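As a basis for the values below, the full set of heavy atoms in this structure was taken, side chains included, without hydrogen atoms, waters or symmetry mates. Residue numbers start from 1 in every chain, and the chains themselves are labelled A, B, ... in the order their sequence lines are given, proteins ahead of strands. The shown structure was predicted, so the numbers you read here are calculated from the model rather than taken from an experiment.
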Amino acid sequence: MNDASNRILAELLEARTGQQLPPSRRWRIGTALSGLYRELGITHLDQLIAMMAQSRDSVLAQRVVEALLNNETYFFRDRAVFDQLAQATLPELAKRRADRRHLSIWSAGCSTGQEALSLAMLFCEQESRWAGWTIDIIGTDVSRSVIEVARKGCYSPFEIQRGLGMVQMLQWFEESPDGWCASDRLKRMVRFQTHSILEPLPATSPFDLILCRNLLLYFAGENRARVYNRLAAALAPDGFLMLGAGETVIGHTEQFLPETGMVGIYSQTRAGIARRSEMRRCDTAA
Amino acid sequence: MTSCLIVDDSRVIRKVSRHILEAMGFAVDEAGNGLEAIDFCQQAMPDLILLDWNMPVMSGIEFIKLLRSTDKGDRPKVVFCTTENDAAHIRAAIQAGANEYVMKPFDRETLQIKLQLIGIA
Ligand SMILES: C[S@@+](CC[C@H](N)C(=O)[O-])C[C@H]1O[C@@H](n2cnc3c(N)ncnc32)[C@H](O)[C@@H]1O
């Protein structure tokens with residue numbers, strides 16, 4: 001495979017998503033793009049690069065970018081942290097928001113929506129605790145194709161059973177010719193929107209809880225710092241940030257600190273809160 | 001050590017499943033059909049049964065109904081392995097006494113999550 005073509009691809013991905021494609025991840029390119037190659041009747045990356053150069057719009061480039069993204073996700077990924085959300089984090093937020101009875105939650109890099117729907121199921125399964133509350137869950141992803149799937153909320157027989165127990169499947173999803181589709185009750189709680197985490201925040205911020213899981217690992221250096229700035233700007237000063245299993249803020253940012261007694265949950269430091277006000281001012285000005 | 005009985009008429013599937021379960025630390029036994037499995041259970045009731053849905057001699061559903069009606073037959077957790085997961089199949093499995101189901105072919109991670117759901121592993 002041609003090095004120059006690889007570089008073009010890496011630059012395209014970084015420009016559109018902020019993600020890096022280090023040489024260690026380049027082995028995946030062929031597999032990731034194989035569907036697209038087949039569809040276009042080509043066999044080489046060089047041919048694809050030539051086609052992108054000749055095309056007049058950026059539709060092909062966007063499809064290439066989306067094919068390169070890793071969209072791996074499943075329901076209740078890392079179940080233990082969802083149990084912790086249900087038993088510790090959400091009850092704490094309930095106390096902090098008792099006057100407003102409203103929670104705003106952001107699933108950043110939500111892929112095909114399983115993370116946001118898992119959250120919605122948590123709330124529905126604790127019905128009495130949340131009676132009278134409005135829960136607003138927004139999922140965003142830079143990839144249009146995954147947002148389309150998330151909006152539809154229908155999953156294949158294989159996808160639906162990944163992480164979900166059979167009783168949950170029957171309770172919260174309905175079988176249809178399109179697959180297993182989320183019930184209206186779940187769908188009413190979630191919204192999905194195309195958005196890059198490097199861009200100014202979705203309008204509904206500040207959020208009480210942000211899930212940013214299995215996304216930061218693809219960012220390095222300056223872009224990682226930008227992501228933390230965005231997260232700090234979008235999070236309420238007393239809100240919580242949740243990262244993926246094995247991810248940490250330590251050594252990456254001074255805006256967040258681990259929350260004692262909760263695994264994978266972070267809260268903002270004074271520096272983060274200061275940064276937050278600054279970012280929000282910039283976004284309003286821009 | 002937690003014991004697991006794999007019930008499947010396909011030797012290949014049994015081999016793959018055994019590999020995964022042993023790597024997870026289970027003591028594994030195999031049965032090629034439901035009748036063999038019932039015999040086995042009468043001698044030593046396993047903690048977990050990984051059960052194929054479609055088998056000659058005795059189907060998975062017949063097996064689990066029979067198992068649940070025998071002495072101590074309510075003890076093992078039973079996970080169905082199936083390629084069909086329409087709602088009707090799942091309802092039938094729950095009704096017959098299954099604890100979970102997993103779609104074939106499965107990998108270690110997927111199975112592990114199912115086992116966590118039912119409090120094993
Ligand atoms: C590996 S998935 C993780 C999905 C889910 N959060 C989970 O943990 O199961 C990462 C997602 O981040 C998305 N992503 C990558 N770069 C992004 C960016 N700059 N802005 C928003 N989403 C992005 C990808 O499209 C992908 O769907």
When you look at CD of Glu72(A), are more than 12 heavy atoms from neighbouring residues, nucleotides or ligands closer to it than 6.0 Å?
yes

Part of Ile160(A) lying under 4.5 Å from any heavy atom of chain B
side chain

Could you tell me which non-hydrogen atom of Leu170(A) sits nearest to which non-hydrogen atom of Ile94(B), and how far apart they are?
CD1-CD1, 3.7 Å

Just to be sure I understand the criterion: a residue of residues 171-183 of chain A counts if one of its heavy atoms is under 4.5 Å from a heavy atom of chain B. Which ones qualify?
Glu175(A), Trp180(A)

Begin with the C-alpha distance, continue with both residues' side-chain angles, and end with the deciding distance and a verdict on side-chain contact (heavy atoms from CB on, under 4.5 Å) for Tyr101(B) and Met169(A).
CA-CA 11 Å; Tyr101(B) 90 97; Met169(A) 273 175 63; 3.3 Å; yes

Nearest non-hydrogen partners of Thr110(B) and Gln161(A), listed with the distance:
CG2-NE2, 4.0 Å

Quick check on the interface: out of Gln116(B), Glu109(B), Arg91(B), Met103(B), who has the most heavy-atom pairs with chain A under 4.5 Å?
Met103(B)

Is it the case that more than 12 heavy atoms not belonging to Arg75(B) sit under 6.0 Å from its CZ atom?
yes

Spell out, as yes or no, whether a donor-acceptor pair under 3.5 Å connects the side chain of Lys114(B) to the backbone of Leu164(A).
yes

For chain B, which residues from residues 75-86 of chain A lie under 4.5 Å away (heavy-atom distances)?
Arg79(A)

Kindly check if the number of other-residue, nucleotide or ligand heavy atoms within 6.0 Å of CD (Gln95(B)) is above 12?
no

Portion of Asp86(B) that has a non-hydrogen atom of chain A nearer than 4.5 angstrom
both

Nearest heavy-atom contact between Met166(A) and Glu100(B) is N-OE2, 3.0 Å

How about Lys187(A): does its NZ atom have over 12 heavy atoms from other parts shown lying under 6.0 Å from it?
yes

